[in-house]
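We count residues from 1, following the sequence as given.
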Amino acid sequence: MKDALMQAPWLRAMARVFEAAEMPLYIVGGAVRNPLMGLPISDVDICGPALPEQVCALCEGTPVRAHLRAAHFGTVELHITDDNGQRHMAEYTTFREDSYRCGHKPEAVRFTTQISVDCLRRDFSVNALYRRVYPDRLGDVIDPTGGLTHMQQGILHTVTLDPDQVLKDDGLRILRAARFQAEMDLVPTPALMDSLTRYAPLLGDIAPERLRDEWQKVLLADLRYPQLNRRSPATQSGLATIRRIGAWPYVMDGLACEPDTAPCLLSIPASALPAAEEAIAPLPLRMAVLCANHAPQQVEERMLTLHFSNRDAAQTAAVIRLMSALKAQTATIEETALAGLPVLDAAIRGLNALRLPDAAAYGTALCQRLTQPGIPLSLRQLAVNGNDLMPLVHAAGQPARCMGALLNALWQEAVNSRLPNQREALLAHAQKLLASMPEPTA
């Protein structure tokens, strides 16, 4: 099969370098699996029997530049520039077997020349598919652990018959199982589910950012491969497995599982924002829907603990906060304007997904008021500023420190449509406000 990879000149060029040195070169994992499933390739992982030092030596004087990244793990970065000046990088890993004592990283490795050994250090059979790369073609699929059969059956299983042998070494593989289920519609076998449940506590030893990466991929799984003809909802199935095996507390510590919310993540309506406004990204919006019944600050703190970006955490909290105010129908026009149209749009979409039409309608009414012509959504959009008001402040004998309160009072009048957002009208009202202020004390 001559697939998209063999139409990539940079990979053929790498293969020529290895062929000239009489060293076989293989692609492995997703680069083999995804084309067989009709899915695009995101990363190209390559491997072979050559030791890191041999890889560096055979690349000398060739178009391929080798950079040792983790020689003790057999990892070498291979860089090449194609004829169009585009740069490409692939990660080469020497065949090896790993030894773990605890945690995500292997404690020791031993290099080998055998695929039959290398495959057993990998997690799932669908990740242990190999194909040799020749300068003009790909070799047949090498499937030492039954990955092709598992793909055809739509199941997910480890590279070993007993999943305990794989999961006991690396707790992150527990979340990876839920992610693979969600992204590729592969159902974990009963034996794998039993093992996932037994070893879920190992997630307590995994670094927060690694938990974040897998959790985020589960939340966005249905967006990953939209062309896949799924048998079950992507994100919902992954979250269900995380809940069923008892992994939820290790990811969302302190935030209770909301099983009835997961299906709503798949029914969030499209954004209705004006073209000039940037919608809230899917991740914070989905986190807000999933955690809609929790305190915004608590959700934000957990996201920061998992090393989500400050922006994502703050936006999630802002959407939850506004959703809560809209549900109680206590959100004011000022509060909503300060939150911003993107947050309001996300809150309305979330409420619709959660099937809370009255709250969504309340938010929509506020949105209609805020999008009327001339409504200032912030002080920056007010038709006057501090420089315009300073002469009036001085003339009224008031201190400069009153400027903030004066601007805010003008903005509240304008955002509530009680005063047009026009310079003359605002200045006239500012004079009235200044005249009503008590004289400053000495």
Side-chain angles (χ1 to χ4, degrees), residues 39 154 178-187 214-244 248 251-252 255-275 277-294 296 299 302-303 308 312-313 315-329 331 336 339-368 371:
L39 303 176
R179 193 248 293 184
F180 271 71
Q181 175 183 9
E183 287 186 342
M184 293 181 290
D185 199 36
L186 298 173
V187 180
E214 297 300 326
W215 173 256
Q216 177 172 315
K217 289 173 182 177
V218 172
L219 279 186
L220 304 178
D222 59 297
L223 307 178
R224 175 72 166 164
Y225 299 122
Q227 66 272 56
L228 188 62
N229 185 20
R230 300 181 183 277
R231 296 161 298 169
S232 58
T235 297
Q236 184 178 345
S237 65
L239 291 176
T241 289
I242 290 173
R243 183 177 73 252
R244 194 174 302 124
W248 189 283
V251 183
M252 300 298 285
L255 300 176
C257 173
E258 302 283 352
D260 296 334
T261 305
C264 300
L265 300 180
L266 308 179
S267 59
I268 296 175
S271 173
L273 281 176
E277 297 287 346
E278 183 179 354
I280 297 293
L283 174 67
L285 175 51
R286 289 180 178 219
M287 281 292 294
V289 171
L290 192 66
C291 302
N293 294 328
H294 294 91
V299 178
R302 183 56 188 164
M303 290 183 69
F308 281 98
D312 282 345
Q315 286 186 342
T316 299
V319 174
I320 294 174
R321 192 173 293 113
L322 189 54
M323 286 173 65
S324 178
L326 293 175
K327 281 192 288 185
Q329 299 196 8
T336 310
L341 285 181
V343 172
L344 175 57
D345 169 74
I348 294 170
R349 294 163 64 197
L351 291 167
N352 276 320
L354 291 168
R355 297 176 181 83
L356 297 171
D358 292 343
Y362 185 79
T364 300
L366 289 174
C367 185
Q368 290 171 346
T371 52

Heavy-atom closest contact ([X] atom, [Y] atom, distance):
X      : Y      : value
Ala292 : Lys327 : O-NZ, 4.1 Å
Cys291 : Val299 : CB-CG2, 3.7 Å
Ile268 : Leu285 : CG2-CD2, 3.6 Å
Asn352 : Pro269 : CB-CG, 3.9 Å
Ala221 : Ala182 : CB-CB, 3.4 Å
Ile320 : Pro296 : CG2-CG, 3.8 Å

Check your understanding: What pairs of residues pass the salt bridge (Lys or Arg N to Asp or Glu O under 4.0 Å) test when at least one of them lies in residues 229-240, not counting sequence neighbours?
Key -> Asp185-Arg231

With sequence neighbours excluded, tell me which residues meet side-chain contact (heavy atoms from CB on, under 4.5 Å) with [X].
X      : result
Ser271 : Leu273, Ala279, Asp345, Arg349
Glu278 : Arg311
Leu344 : Leu322, Leu326, Thr336, Leu341, Ile348, Cys367, Leu370
Gln227 : Leu39, Pro40, Tyr225

Can you name the salt bridge (charged side-chain N to carboxylate O under 4.0 Å, His left out) partners of [X], sequence neighbours left out?
X      : answer
Arg302 : none
Arg355 : none
Asp222 : Arg286

Check your understanding: Under 3.5 Å, is there a donor-acceptor pair between the side chain of Thr235 and the main chain of Leu219?
Key -> yes

Exercise for review: For the pair Trp248 (side chain) and Leu255 (backbone), establish whether a donor and an acceptor sit closer than 3.5 Å, ignoring hydrogens and angles.
Suggested key: yes

Measure the spacing between [atom1] of [X] and [atom2] of [Y] and express it to the nearest 0.5 Å.
X      : Y      : atom1 : atom2 : answer
Glu183 : Leu223 : CD    : CG    : 10.5 Å
Leu366 : Gln329 : CG    : CD    : 9.5 Å
Cys264 : Leu351 : SG    : CG    : 11.0 Å
Arg179 : Leu220 : CZ    : CG    : 11.5 Å

Check your understanding: Got Trp215 and Met303 here, is their nearest side-chain heavy-atom distance under 4.5 Å?
Key -> no

Check your understanding: With side chains defined as the heavy atoms from C-beta onward, is the minimum distance between Val218 and Thr241 less than 4.5 Å?
Key -> no

Study note, to complete from the structure: Sorted by chain and residue number, the side-chain hydrogen bond (donor to acceptor under 3.5 Å, both in side chains) partners of Tyr362 (sequence neighbours excluded) come out as none

Point to revise | Under the side-chain hydrogen bond (donor to acceptor under 3.5 Å, both in side chains) test, residues paired with Gln315 that sit two or more places apart | key: none

Check your understanding: Can you tell which of Val319, Val343, Asp312 makes a side-chain contact (heavy atoms from CB on, under 4.5 Å) with Pro284?
Key -> Asp312

